[in-house]
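Notes follow the structure.
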Amino acid sequence: MASLCTCILAAIALSLPTVDSLACSYSFPDYHNPQTCARYDLTELSLRGPYNITPPYPYRFLVKVCDLAATDLPWACEGKDLAPAYAYSVETDECYQLGNLENDFAYPLDPMNSSVGIRVAYTNGVGGNGVWPRAVIYDLYCDTSGFNPPPEFAYEYPEYTYRITWRTGYACPSFQTGQNCSLPKFESSWDYLRFRTVPKWFEKAKFGIFVCLGLYSVPAYLNEWYWEKLMTGDPRYVEFHNKNYGCSGVQPDKFPCTGPPFTFQDFAPMLKMELFDPDHWASVIKNAGAKYIVFTTKHCSGWTNFPSPQHWNWNSMDVGPHLDITGNLTASIRKQGLYLGLYHSLNEWYHPLYLEDQKNNCSTTSFVDEIIMPTLKDMTIKYKPDIIWADAPGENKSPCTHDSVKYWKAPEFFSWLYNESPVKETVLTNTRWGSNAVGSFMEGGDRFTPYTLIKNKWETPYTIQKSSWGYDRVEDLSSFWNTTHCLYILVTTVSCNGNLLLNIGPMADGTIDPLFEEILGEMGQWLTVNGEAIYNSIPWSHQNDTPAEDIWYTASEDWQNVYAISFRAPTPGGELVLQQPKPSKQTTMTLLGADGITLDFTVDSDGGVHIHFPTNLPFAKLAGKGAWTIKMTNVT
């Protein structure tokens with residue numbers, strides 16, 4: 001971002017109910033267009049809240065200025081004493097001092113405190129350092145009705161128009177200036193969850209590790225749905241089971257078996273975890289460059305990896321390893337400074353209460369009331385997770401998915417979680433709580449790869465073993481994604497405003513397959529060199545170098561740096577051509593890991609940027625692994 005920046009912030013309110021003395025903080029998306037004062041916006045002001053919002057007026061707007069010459073002000077604002085801030089209406093071409101806006105704009109700051117630093121200016125598109133944005137328009141109202149969708153506002157640029165949406169944060173700021181602040185009471189409604197903002201750590205983390213462990217890890221055959229596939233008569237599973245363990249009793253006419261009986265429950269004593277070293281697991285995750293973990297506390301079999309009173313004799317403390325696997329891992333994860341997420345399947349395939357509720361077409365909720373709710377609360381109180389990662393069955397998988405509010409009672413759980421739990425001010429939730437559920441961040445489905453910008457924060461769970469989340473002994477080397485592919489998913493996800501949750505499946509003895517460790521270790525090596533293009537980054541104005549699909553972009557939070565991550569290997573004396581960046585006279589380019597060597601570049605008649613690599617590239621230090629990062633300053 002240039003030192004002289006200009007921006008207009010304006011808001012157009014929809015017809016909303018009047019909200020008196022509503023405490024709101026303001027949460028901008030972490031993808032700002034160039035020259036929009038990313039460090040000098042309402043994100044900074046939100047630390048000074050809470051602020052009162054009363055939105056009875058049809059138009060409200062705020063213009064903020066960053067030390068720009070008075071000649072760049074709108075004509076309507078010239079000659080006026082506008083410090084420390086002023087507002088300009090694009091609609092009426094009128095300019096106001098901030099203190100005169102009480103009847104026009106319920107301003108979200110303390111007008112008596114000039115140290116908030118809201119000095120912003122307008123420009124008409126021909127500012128001093130090249131072409132500047134004409135206008136940046138953001139939503140500045142609080143909608144508590146839950147009926148109005150967030151409006152869409154435009155970023156007007158001489159050549160392009162980018163559209164972004166965001167909601168006013170309903171939570172109070174993270175720290176105050178001599179003011180008492182408490183989170184508003186969370187009601188049992190999805191609408192209230194829409195106003196909770198995503199903690200900054202999750203926005204910046206970008207990379208987490210999903211760890212899937214359960215009784216399915218004992219047979220370790222094909223995937224974690226072993227029990228369900230067995231009971232529904234999938235020939236691959238039934239024949240394998242009857243041959244290697246004993247008679248399953250499944251469809252005996254179709255699958256005759258003469259050996260001793262052996263059910264899925266008989267796997268429980270075989271989950272011994274005798275080589276389980278939680279400190280080693282945490283070290284592997286830390287060395288991978290991940291910032292958080294999501295661990296499977298319970299899958300659809302109902303087996304829990306922690307002592308659960310609701311799952312008596314069907315958990316890792318009562319049977320099998322006689323360990324609180326979740327508790328041991330939690331302690332090790334926190335020693336490494338990582339954030340903790342806990343995966344919890346809501347449904348249990350063969351629990352009698354769940355089957356009874358389904359038989360009643362979910363008019364009863366005995367399973368939720370007696371099993372799910374107390375288990376979730378026990379787990380939350382005991383382990384104090386940073387993320388609760390639920391997994392309800394998808395559409396058409398169960399009659400109990402047709403109405404998440406009535407059956408799964410997720411809003412009721414959220415009411416407890418956000419009002420009473422020990423993690424009420426910090427916890428995150430995903431969106432897999434049933435049909436039409438809302439969460440802190442969006443889950444787009446397993447292995448979701450949109451390859452396009454998604455405005456709301458999202459996450460994709462993705463496997464290293466191509467077809468299984470739990471460990472699969474059947475898969476060979478060709479069934480594992482290599483490091484380059486995993487990096488490609490990470491880079492494209494981050495470029496499009498997402499986080500990658502990369503999955504590994506430990507073995508029943510408590511060890512991690514060395515191939516998992518190798519791939520994670522190589523990702524960590526790459527991130528050690530290229531991490532500044534990933535962690536704390538925000539999406540740039542372009543996600544990839546269209547039409548090329550092997551060059552992707554991110555930007556630093558202050559827009560000072562843009563990163564082009566290329567999956568084309570640099571060659572000594574060769575070149576890389578980029579179509580999207582527009583360099584200036586002040587532009588510099590370097591290759592991360594190349595000892596600070598400055599790269600020469602030229603611009604052709606079509607605007608293509610030709611980056612020239614020197615012959616003395618230190619390839620041994622680049623940690624390429626199939627991806628290399630060009631760091632560019634002062635580009636648009």
Side-chain angles (χ1 to χ4, degrees), residues 212-271 296-305 311 313-315 319-320 343-362 364 366-368 371-372 390-402 407-408 432 434-435 445-447 461 463 465-475 479 503 505 508:
C212 289
L213 175 79
L215 288 193
Y216 49 78
S217 305
V218 177
Y221 183 74
L222 296 182
N223 63 41
E224 67 285 349
W225 282 56
Y226 186 96
W227 192 14
E228 172 75 355
K229 297 292 186 180
L230 178 69
M231 296 301 291
T232 54
D234 187 313
R236 298 172 299 169
Y237 292 81
V238 179
E239 292 170 1
F240 172 81
H241 187 95
N242 290 351
K243 176 182 178 180
N244 292 284
Y245 299 108
C247 297
S248 63
V250 174
Q251 301 179 26
D253 293 339
K254 183 176 180 180
F255 304 104
C257 181
T258 58
F262 191 100
T263 65
F264 182 80
Q265 289 85 336
D266 292 318
F267 283 127
M270 299 171 66
L271 183 68
T296 305
T297 60
K298 185 194 75 169
H299 194 246
C300 306
S301 69
W303 168 273
T304 65
N305 286 319
H311 299 83
N313 213 37
W314 193 233
N315 66 73
V319 195
Y343 169 100
H344 199 81
S345 172
L346 297 186
N347 66 311
E348 297 179 21
W349 289 317
Y350 302 111
H351 196 290
L353 291 179
Y354 185 51
L355 296 176
E356 184 67 20
D357 285 347
Q358 292 186 78
K359 181 180 178 181
N360 296 331
N361 198 32
C362 305
T364 58
S366 300
F367 174 67
V368 176
I371 304 299
I372 293 300
D391 199 5
E395 295 288 347
N396 303 320
K397 294 290 185 181
S398 160
C400 296
T401 63
H402 68 277
Y407 187 73
W408 293 115
R432 296 192 186 187
S435 300
D446 293 347
R447 307 177 185 90
T463 55
Q465 281 190 297
K466 296 180 182 179
S467 61
S468 181
W469 300 88
Y471 183 67
D472 178 14
R473 295 180 293 161
V474 178
E475 292 191 346
S479 300
N503 175 79

*Apply side chain to side chain contact (heavy atoms under 4.5 Å, CB included) to W303 and F264, showing your working.*
CA-CA 11 Å; W303 168 273; F264 182 80; over 6 Å; no

_Apply side chain to side chain contact (heavy atoms under 4.5 Å, CB included) to residues L213 and T296 and explain how you reach the verdict._
CA-CA 6 Å; L213 175 79; T296 305; 5.6 Å; no

*Take E356 and N360 through the test side chain to side chain contact (heavy atoms under 4.5 Å, CB included) and record every step on the way to the result.*
CA-CA 6 Å; E356 184 67 20; N360 296 331; 3.8 Å; yes

_side chain to side chain donor-acceptor pair (under 3.5 Å) evaluation trace for S345 with N347_ = CA-CA 6 Å; S345 172; N347 66 311; 3.1 Å; yes

*Show your working on side chain to side chain contact (heavy atoms under 4.5 Å, CB included) between N315 and N305 and close with a plain yes or no.*
CA-CA 6 Å; N315 66 73; N305 286 319; over 6 Å; no

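Every residue was checked against the disulfide (SG to SG under 2.5 Å) condition with C300, not counting sequence neighbours, and none meets it. Every salt bridge (charged side-chain N to carboxylate O under 4.0 Å, His left out) that E348 has, sequence neighbours left out, goes to K298.
Nearest approach of A508 to S217, heavy atoms of both residues: CB-O, 3.6 Å. The two residues P219 and Y226 make their nearest non-hydrogen contact at CB-CE1, 3.7 Å. The two residues P393 and Y354 have their closest heavy-atom pair at CG-OH, 3.8 Å. Of all non-hydrogen atoms in A392 and G434, the two that sit nearest each other are CB-N, 3.6 Å. Across all their heavy atoms, V319 and A268 have their closest contact at CG1-CB, 3.6 Å.
The backbone N or O of F367 lies less than 3.5 Å from a partner atom in the side chain of D357, making a donor-acceptor pair. W314 places a side-chain N or O within 3.5 Å of a backbone atom of S301 that can act as its donor or acceptor partner. Although no hydrogens or angles enter the test, the distance criterion places no donor-acceptor pair under 3.5 Å between the side chain of D391 and the main chain of R432. Using modelled atom types, no side-chain atom of Q465 and backbone atom of E475 make a donor-acceptor pair closer than 3.5 Å.
Aromatic rings of F267 and W227 (six-membered ring for Trp) have centroids beyond the 6.0 Å cut-off, not under it.
Expressed to the nearest 0.5 Å, how far CG of L222 lies from CZ of F240 amounts to 8.0 Å. The distance from the NE2 atom of H311 to the CD1 atom of I371 is 5.5 Å, given to the nearest 0.5 Å. Here the CG-OH distance, from N361 to Y407, works out to 11.0 Å after rounding to the nearest 0.5 Å. A distance of 10.0 Å separates CG in L230 from OH in Y237, rounded to the nearest 0.5 Å. Distance check, rounded to the nearest 0.5 Å: CZ of R473 to OH of Y221 gives 10.0 Å. In this structure, CD on E239 lies 11.5 Å from CG on N244, to the nearest 0.5 angstrom.
Residue pairs meeting the side chain to side chain donor-acceptor pair (under 3.5 Å) criterion with at least one partner in residues 257-268, sequence neighbours excluded, are T263-Q265, T263-D266.
Aromatic ring orientation, Y245 versus H241: tilted (interplanar angle from 30° to 60°). Under the 30°/60° scheme for interplanar angles, the aromatic rings of Y216 and H299 are found to stand perpendicular.
Checking T463, N223, V474, N503 one by one against S468, the side chain to side chain contact (heavy atoms under 4.5 Å, CB included) holds for a single residue, N223.
Side chains of F255 and P235 form a contact here, defined as non-hydrogen atoms less than 4.5 Å apart.
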